[in-house]
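Read the structure below first, then the notes.
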Amino acid sequence: MRGKKLRLPIVGRVIPIVEDDYVVMAVEQGGDPADTKAQFATGFLKVTPAHDPNDWEIGIRHGVAAINVMAPDASISDRHGWEDVSAEARAFVGLSREDARTAIVAWFKANGLLEGVKPYRHSVGHSYRSHVPVEPYLSEQWYVRVTDDRLRGAALRSMNPAQRDGGAAAATGVAHGATSSTAANAAAVGDGEITFYPPRYAKTFQHWHENIRDWCISRQLWWGHRIPVWSAEVAANDVVDRAAVDAARGELVGCNGAWRTMGCSEAVRRRPDGVYERFVCVAEHADSVAIPALTAAGFRQDEDVLDTWFSSALWPLSTLGWPDPARFDMQGLLEKWNPSAVLSTAREIITLWVSRMVMFNRYFLGGRVPFKHVFIHAMVQDGFGQKMSKSLGNGVDPRDIIQTHGADAMRFTLVQMTTDTQDVRMPVDMVDPWSGEMFSPRTITDAAGYTVADPMQVSPKDPSKKITSAYGAATGKATPSTDAPLALNTSARFDVGRNFANKVWNATRFALGNLTPVAGDPSVDPATRPLVDRWIVARLSHALATYERALAGYRFNDAADATYDFVWREVCDWYLEAIKPTVKTDAAQQQVLRTVLDASLRLLHPQMPFITEQLWPAVAATGQAGLRGVHVPAAPLCARAGWPSVDASVTDRAALATFGRVQQLVDEIRTLRGARQVLPKRKITLLAPAVVRALVAEAGGVIEALAGIGEVADLPTERPAGAVPIAFEGQELLLVNFADAVDLGAERVRLDKVVTEKLRLISGFEGKLGNPGYLAKAKPELVAETRAMLDEAKADLDAARRSLDALR
RNA sequence: GGGCGCUUAGCUCAGUGGCAAGAGCGCUGCUUUUACACAGCAGUGGUCACUGGUUCGAAUCCAGUAGCGCCCA
């Protein structure tokens, strides 16, 4: 059939048969049996290049004419490109496209040409607003030639070289503002200045620009910036350079006419019908003059508006007064805030908005980039990994979270849960309007396959009471009423932040109760303080460093964890508990506490602005915080308080190591107390060798306070009756007055477990050290560490065995 | 079809070559000890999706497989 033609029914037009890979062959013709299309394919396809994008491509490949048979209202029309209307086809002109399709089938049937109709599932694009199927339609649109090097090239050159082409530095993170200015060829303004966080998103940016196509900016919408192009048909003899225009075969040709002198751009083209058309793009500053003149001359403005991303791309410029800052009284803003430091946005925005801002900013501002860093944040999904949406009722409203958990709780939780490796799930709970309690809703699967809350829920407290879910209300499947009130959505995930806020509040309250209001003495030297004070200062320094490192890499969850761990785990759990016996009478310790508290509020403030600001004046009223080497200058507001700084010299490594031993000993004793359910108020006696007693003494009462020790004494030669042994640093310690009656059987079981565990460890370490490859290739300090751990495990094993023997 | 991720405790997530894999929630036990029960102390809980490879050593690096998600076409 190659090269043959056929007559198209109804229309009567003779059309060519072409061959194209797009056509799916039937299975019997060699089509893929796994392809459902191949199962009913015929190997033939009628194409309409003017009304289908795939057909359009086929038309281009084979030179098939695109004949438009529709009016802009999508009715069948003979006035928009379809000229050879046959008598038979005339009956269809004027019908709606739906009616026309039905009528065509009816015509085929009536003429005995219809072989069959088969059902076929496929997907058709629908308008997101009106929900009608989208009808591809040939029309003229304005484009931006983004493939021009001044746009696409400039965007690619703006990338940090370490992140381009998957640069090796991208994997390890990139220093701020690295511009590789050492390159021999002097880089142009803005080149290499944009860095992505996390670095992998640079690839998205690069890939997009390398494959970018010219950008259609015409949109047939009501809202938006109207395209500032005016046009009118002109007489042939009004076209100055007619030869060039004719040669351009319908393309626009720029020209220097009267409009150009007003500052507008001007172009002419010759339409396929031979008529000349003049286009004038009106410059913003020429509005008042050009537009009345154009109107008077019979020009009409394009009906379309700009793509929303075209308008958005102007954001870094127009918000700062561009193109005429003086006119908007915005002088200097562009110079001060463009480029800005960081743009925070979502993944899909990289191509839609980031790209366009970069191209426009560089184009209009002599190469300047609009921002230096692009931070791509995670997205929050519901508990089933679905996007939160209003229509599914599976979203949470920040205002509801503020009501159920508080603003600081919401903020902190979001910061802490939003990591840079993946999107996060937030199981959505509901608030029972009857009881105020939070509960997990019963779910159903909707028609589209989404997991959603059952429209009608029942109160977890009283199953006779009904509740309308957000999904029910959003879909109209249930209507909130006094009998079935609407439940707010929330999430138990925010409990973390609420509990933390509560902790911060109460810890501060406690500290305030222990601080005697004085002037405050920032000259107190931490080095002169007891172990626990030196330790908490070192930990403050560590928390600050962790926080700063996290922030520099836009890892906000790490920053949140740093404050959470420092404030809760270290300040509250250890420091406040440890100083309870001493702080009231120790002015210098109060100064340490005052400083730790003050610095904690500064750390917390970006994550919990309200509660910290509320606490700030109360803390400030206790006196000037600060220590020698720990700087927290006074400030009237927490929001304006400087970031704390700790001199490196203040970090006492010995204190960190010693306090680590203290914690280990306390943990050992506490574990045993917990296992034997020894009441907190019961004070026990610790019998220990000199080295352990020295540690207890150095800790300055901390071990006694935290482990419930009443007395510490030397190990007697004779083991006291009822003494319970523990192993610590390879030594055997004894706890006396531990319980009224010691269950020897339980102690043996416990010690047997210790022996088993130590044997397991020892075999692991010995296995490592018995491996010649490990000894030869692992770092020497690592090998030494393994040896030390082996020795300690062996000593612990011996101590546990001695204890076991003593119990027999 | 192309690209980028993800799969670790019941749940939500950390952990990019080296101790015995962590946190929060949940669960279990004890404690209402004058900051906090939205708490404290202790405990239980994991063949790090699967298969192979590299390495003295792999949750971590490489290849493949399976499943899930997003972006682009």
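Just so you know, these numbers come straight off a predicted model, no measurement behind them. A note on names: the letters A, B, ... follow the listed sequences, proteins ahead of strands, and every chain is numbered from 1.
Taking every side-chain heavy atom of D667(A) into account, A42(B) is the closest of A42(B), C11(B), C68(B). Listed candidates were C68(B), C36(B), G69(B). Nearest to the side chain of R425(A) is C68(B). Each of A73(B), G2(B), G69(B) was ranked by its minimum atom distance to the side chain of R213(A); first place goes to A73(B). Among A35(B), C71(B), G2(B), the nucleotide with an atom closest to any side-chain atom of C572(A) is A35(B). Among the nucleotides A35(B), C71(B), C11(B), the one closest to the side chain of K387(A) is C71(B). Side-chain atoms of R670(A) lie closest to A42(B) of the nucleotides C72(B), A42(B), C13(B).
Donor-acceptor pairing under 3.5 Å is lacking for the side chains of R152(A) and T147(A). In summary, the side chains of T345(A) and H377(A) do not present any donor paired with an acceptor at a separation below 3.5 Å, with no hydrogens or angles considered. Looking at W616(A) and D598(A), their side chains never bring a donor and an acceptor atom within 3.5 Å of each other.
The distance from atom CE of M388(A) to atom P of G69(B) is 17 Å, rounded to the nearest whole Å. Between the P atom of A39(B) and the CG atom of L576(A) lies a distance of 16 Å, rounded to the nearest Å. Rounded to a whole Å, the CZ atom of F500(A) is 17 Å from the P atom of A37(B). The interatomic distance linking R673(A) (CZ) with G43(B) (P) rounds to 14 Å, in whole Å. A straight line from OH of Y201(A) to P of C72(B) spans 14 Å, rounded to a whole angstrom. In this entry the distance linking CG of L597(A) with P of A35(B) reads 15 Å, nearest Å. Whole-Å rounding puts the W574(A) CH2 to A35(B) P distance at 18 Å. Between the CD1 atom of I349(A) and the P atom of C70(B) there is a distance of 16 Å, given to the nearest Å.
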Quick test: give all pairs of protein nitrogen or oxygen and nucleotides 18-21 of chain B nitrogen or oxygen below 3.5 Å, distance rounded to 0.1 Å.
from	atom 1	to	atom 2	distance (Å)
A20(B)	N3	E757(A)	OE2	3.2

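Minimum interatomic distance between F494(A) and I401(A) (heavy atoms only, all atoms of both residues): CE1-CD1, 3.5 Å. In terms of heavy atoms, D55(A) sits closest to D52(A) at N-OD1, 2.9 Å. Residue V428(A) comes nearest to G395(A) through the heavy atom pair CG1-O, 4.5 Å, listed as atom of the first residue, atom of the second, then distance.
Taking the C1' atom of each, U8(B) and A23(B) are spaced 13 Å apart, rounded to whole Å. A gap of 23 Å separates the P atoms of C13(B) and A21(B), to the nearest Å. Using atom C1' as the reference point in both U28(B) and U16(B), the two lie 36 Å apart (nearest Å). Taking atom P on both G46(B) and G22(B), the two are 14 Å apart, rounded to the nearest angstrom.
For D423(A) and E348(A), each mapped to the nucleotide of RNA chain B holding its nearest heavy atom, the one lying further toward the 5' end belongs to D423(A). Comparing L775(A) and T671(A) by the nucleotide of RNA chain B that holds the closest heavy atom to each, the one mapping nearer the 5' end is T671(A).
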* Go ahead and write out RNA chain B as dot-bracket, 5' to 3': ( ) for pairs within the strand, [ ] for ones crossing earlier pairs, | when the partner sits on another strand, dots for unpaired; Watson-Crick or G-U wobble, both distances under 3.5 Å. => ((((((((.[[[[.)..(...]]]].(((((.......))))).....[[[[[..)....]]]]]))))))).
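Around the OH atom of Y774(A), the shell of radius 6.0 Å holds more than 12 heavy atoms that belong to other residues, nucleotides or ligands. Atom CD of Q614(A) sits in a sparse spot, with 12 or fewer heavy atoms from other residues, nucleotides or ligands closer than 6.0 Å. Heavy-atom neighbours of K584(A) NZ from other residues, nucleotides or ligands within 6.0 Å: at or below the threshold of 12.
Within the 4.0 angstrom heavy-atom criterion, no nucleotide atom of any strand lies near N211(A). Looking at heavy-atom distances under 4.0 Å, D573(A) makes contact with sugar-phosphate atoms alone, never a base. Here R498(A) lies in heavy-atom contact (under 4.0 Å) with a base.
For the pair K203(A) and C4(B), the criterion of a side-chain N or O lying under 4.0 Å from OP1 or OP2 is met.
For R356(A) and W215(A), the positive end sits near the middle of the six-membered ring, less than 6.0 Å away and at most 45° from its axis. Relative to the ring axis of F510(A), K580(A) places its NZ or CZ within 45° and under 6.0 Å from the centre.
Taking the ring centroids of Y197(A) and F375(A), they lie at or beyond the 6.0 Å cut-off.
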* Determine, for nucleotides 22-34 of chain B in 5'-to-3' order, which nucleotides have protein heavy atoms under 4.0 Å from the base (write B), from only the sugar-phosphate (write S), or from neither (write -). => --S----SSSSB-
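The aromatic rings of W568(A) and F500(A) sit parallel to each other, their planes meeting at less than 30°, with 60° as the upper class boundary.
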